[in-house]
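This report concerns only the one structure given below.
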Protein chains: 2
Amino acid sequence: MSRAASIKDVATHAQVAVGTVSNVLNNPDRVSKRTKDRVLQAIDELGFVRNDAARQLRAGHSRTIGVVVLDVGNPFFTSLVRAAEDAAAMNGSAVLLGDSGHDANRESHYIDLFQEQRVQGLLISPVGDVADRLEALRQRGVPTVLVDRRADEDRFSSVSVDDDAGGYLAARHLLDLGRRKLAFVGGPLSIRQVSDRLLGARRAVDEVDGATLEILDSDGQSVLAGRGLGNSLVDRGAGDMPDGIFCANDLLALGVMQSLTMMNGVRIPEDVALIGYDDIDFAVSAVVPLSSIRQPTDAIGRTAIELLTEELDAQHPQHRAVVFTPELVVRHSTAGADAPH
Amino acid sequence: MSRAASIKDVATHAQVAVGTVSNVLNNPDRVSKRTKDRVLQAIDELGFVRNDAARQLRAGHSRTIGVVVLDVGNPFFTSLVRAAEDAAAMNGSAVLLGDSGHDANRESHYIDLFQEQRVQGLLISPVGDVADRLEALRQRGVPTVLVDRRADEDRFSSVSVDDDAGGYLAARHLLDLGRRKLAFVGGPLSIRQVSDRLLGARRAVDEVDGATLEILDSDGQSVLAGRGLGNSLVDRGAGDMPDGIFCANDLLALGVMQSLTMMNGVRIPEDVALIGYDDIDFAVSAVVPLSSIRQPTDAIGRTAIELLTEELDAQHPQHRAVVFTPELVVRHSTAGADAPH
DNA sequence: TCGTAACAATGAAACGATTCAACGACGGCG
DNA sequence: CGCCGTCGTTGAATCGTTTCATTGTTACGA
């Protein structure tokens with residue numbers, strides 16, 4: 001329980017100056033083998049471990065990067081975190097993780113915290129309006145890369161997916177199957193990803209005569225929320241059911257699917273065609289394998305880190321907005337079946 | 001891009017001493033309203049943000065706790081991380097996250113890193129043999145709580161689940177259905193959780209005359225690995241198939257299920273009864289809703305943090321080993337069906 | 001009017017690492 | 001023999017905060 005050994009203790013023990021110990025650690029070639037060995041032995045004997053706080057106080061910044069995600073439970077962000085971790089580990093730094101849970105207050109709290117920690121850079125998938133705060137950070141030399149949200153290229157780099165295009169893809173696919181009475185399940189619409197997907201879907205529907213799009217606002221993005229919405233759909237009776245449903249994410253879609261097929265005997269895709277978004281691993285192993293819109297998650301994570309690294313290295317970095325295009329994955333939940341009747 | 005404002009800059013700007021600024025921040029009541037307002041205004045004008053490195057250098061420790069998990073992608077750990085985050089946020093600290101990916105080297109790397117960061121405490125789900133390193137940490141006043149591994153109570157607190165009991169539950173359930181030719185799917189067996197589950201299963205099988213247990217070692221814990229093993233099972237021909245399969249986790253089980261039902265026409269549970277482990281969210285929405293063994297993940301996360309907090313607060317903490325008992329969840333993949341024939 | 005509490009504010013010391021100007025020892029060269 | 005350059009080592013200064021003994025101010029009671 002005794003106080004941890006400092007570089008000074010090591011110096012005393014090895015009978016050298018503190019500067020020499022520091023050199024052994026940071027510039028080994030400047031030190032003769034004899035003294036180096038002696039110092040290393042002292043370090044070993046005392047179990048000395050560098051105090052990073054002192055280091056970064058001197059250096060003016062830490063060796064961590066901050067990552068603020070909307071939800072660590074979401075596979076999309078999990079993959080981002082993993083990519084960030086790997087990249088950080090490469091150059092001996094670590095990741096400070098914050099889960100905002102779609103809550104602007106928590107998000108703000110994490111930005112504060114990370115700023116106090118003097119993170120080198122920030123990866124954030126923003127909830128609230130944080131542009132000003134991030135701008136302030138940027139001016140102090142802390143670059144930020146926005147994830148899953150397109151940014152003004154003058155100020156930040158960003159990596160995002162074209163959600164409008166994804167929404168269009170999904171709705172268009174349902175329409176191509178001959179479905180006309182579509183429903184969009186997702187919410188809250190205040191989340192930009194959700195509203196963009198809806199926008200794209202609306203665009204597709206507007207292109208086809210006689211096609212309609214009903215909006216079912218869910219409060220949450222969970223399987224449970226989807227199940228609830230599915231039940232309320234069934235309660236309306238068969239005549240009033242849509243024949244194509246587009247869910248803003250796969251969890252919702254799986255919930256809707258459970259409700260319709262398992263609890264209420266609605267056939268997918270015969271009665272209702274169903275498509276989700278994100279193409280999570282489990283989409284393929286659902287009751288009815290789920291069609292979905294795939295986002296290149298790994299590429300997004302890698303790219304985000306690349307952009308951040310660029311900004312960290314360059315003096316006057318070019319900001320870049322990388323936009324990935326999502327991809328339609330057709331499975332049984334929309335496959336082959338013609339429109340009902 | 002100018003250097004960040006320090007407490008000294010604030011002091012100058014507000015025309016007070018540095019100690020006063022510090023007091024405004026840490027002991028507001030000791031400062032008169034007049035000066036406090038002046039200081040706060042200066043802080044605002046300069047955009048001053050505390051430098052936590054200096055703070056913790058003085059304090060001797062950081063305000064972070066380290067969490068090392070086997071795999072952030074695993075929902076079990078995700079829930080742990082979330083619990084840790086919430087608890088940390090409560091008292092103004094943050095979580096440093098490390099994903100060891102079942103790799104002892106990476107694990108060791110993270111312990112080093114976190115030690116340099118002077119984390120207040122450590123939550124770890126260990127891969128390699130790290131007892132000595134953790135013991136060294138403990139002696140320096142950095143408490144550790146082991147997650148998902150039972151620890152010697154003299155040295156560490158731990159939170160775990162009785163995997164042997166879980167394995168027994170699963171196998172016993174299959175035997176109770178009348179199945180006799182069981183297979184255990186999981187690996188690598190070097191992972192203690194996996195081998196314990198196998199041990200429990202073996203115990204159950206040994207209790208029943210004429211029951212056999214075949215071991216299918218998988219190299220990985222993914223849906224894909226499960227699918228591969230499922231395919232190789234089918235290749236052996238119908239006569240050589242087990243009639244009950246116990247998978248060491250749900251991902252494997254879902255993979256096996258996909259392979260058997262969708263690609264090879266084997267009926268679950270009629271031909272083969274299947275049970276997984278972990279009861280992840282998706283178990284219920286599989287092609288055939290999957291029976292599983294549920295671990296109380298939230299309680300585990302919360303308890304881990306509680307134990308850590310206890311150790312942080314107490315001078316001479318009692319170490320405690322909390323063991324949760326898993327629970328059988330019966331769904332269609334093992335439901336009702338009698339043995340084949 | 002003086003003494004003394006109570007309260008505010010001060011500023012130097014300490015935390016532990018890194019950096020860098022300065023120093024000593026040594027060898028080679030003229 | 002003296003000069004110079006190289007190499008290895010030294011130790012003081014620095015980073016930004018907190019802490020705490022000290023000083024200054026005010027008000028109040030004797």
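In the text below, chain A, chain B and the rest are named by the order of the sequence lines, each starting its count at 1.
The residue A:Val31 sits close only to the backbone: its heavy atoms come under 4.0 Å of sugar-phosphate atoms, none of a base. A:Val16 comes within 4.0 angstrom of the backbone, heavy atoms only, and of no base. Heavy atoms of A:Ser6 sit under 4.0 angstrom from primed sugar atoms or phosphate atoms, though from no base atom.
Residue B:Gln15 places its CD atom among 12 or fewer non-hydrogen atoms of other residues, nucleotides or ligands, all under 6.0 Å distant.
Of the possible polar contacts, one joining the A:Thr303 side chain to the A:Ala299 backbone as a donor-acceptor pair under 3.5 Å is found. Checked by atom type and distance alone, the side chain of A:Thr78 pairs as donor or acceptor with a backbone atom of A:Val72 at under 3.5 Å. Between the side chain of B:Arg192 and the backbone N or O of B:Asp148, at least one donor-acceptor pair lies under 3.5 Å. A donor-acceptor pair is defined here as one N or O able to donate and one able to accept, closer than 3.5 Å; no such pair exists between the side chain of A:Arg320 and the backbone of A:Ser158.
Set against D:dT10, D:dA13, D:dT18, the side chain of B:Arg58 has D:dT18 as its closest nucleotide. When distances run from any side-chain atom of B:Asn51 to the nucleotides D:dG16, C:dT10, D:dT10, the shortest one goes to D:dG16. When each of D:dG8, C:dA9, C:dT18 is scored by its nearest atom to the side-chain atoms of B:Thr35, the top-ranked nucleotide is C:dA9. Of the listed nucleotides (D:dA12, D:dT10, C:dT10), D:dA12 has the atom at the smallest distance from the side chain of A:Val18. In this structure, the nucleotide among C:dT10, C:dG16, C:dT18 sitting nearest to the side chain of A:Ala54 is C:dG16.
Dashed line: the shortest gap from a side-chain N or O of A:Arg118 to OP1 or OP2 of D:dC15 is not under 4.0 Å. Taking only side-chain nitrogens and oxygens, A:Ser32 comes nearer than 4.0 Å to OP1 or OP2 of D:dT9. Phosphate proximity of C:dA17 to A:Ser22: absent, as no side-chain N or O sits under 4.0 Å from OP1 or OP2. Look at B:Arg30 and you won't find any side-chain N or O under 4.0 angstrom from OP1 or OP2 of C:dA8. For the pair B:Arg55 and C:dC15, the criterion of a side-chain N or O lying under 4.0 Å from OP1 or OP2 is not met. The shortest distance between the side-chain N/O atoms of B:Asn26 and the OP1/OP2 oxygens of D:dT18 is below 4.0 Å.
Spacing between atom CZ of B:Arg38 and atom P of C:dA9 amounts to 8 Å, rounded to whole angstrom units. One atom, CZ of A:Phe48, and another, P of C:dG16, lie 10 Å apart when rounded to the nearest Å. The separation between A:Glu116 atom CD and D:dT18 atom P is 10 Å, rounded to whole Å. When rounded to the nearest whole Å, the span between NE2 of B:His61 and P of C:dC15 equals 15 Å. In this structure, CG of B:Leu46 is placed 13 Å from P of D:dG16, rounded to the nearest angstrom. The nearest whole Å value for the distance from the CD atom in A:Gln56 to the P atom in D:dT17 is 12 Å. A straight line from NZ of A:Lys36 to C1' of D:dT9 spans 14 Å, rounded to a whole angstrom. Rounded to an integer number of Å, the gap from B:Asp52 CG to D:dG16 P is 14 Å.
If one axis is set at each end of the helix from C:dT1-D:dA30 to C:dG30-D:dC1 from five pairs, those axes are 70° apart, to 10°.
Across all their heavy atoms, B:Phe48 and B:Ile7 have their closest contact at CE1-N, 3.5 Å.
Salt bridge annotation for B:Arg118-A:Asp52: absent, with no cationic side-chain nitrogen under 4.0 angstrom from a carboxylate oxygen. Salt bridge A:Glu135/A:Arg138: present, at least one basic N to carboxylate O contact under 4.0 Å.
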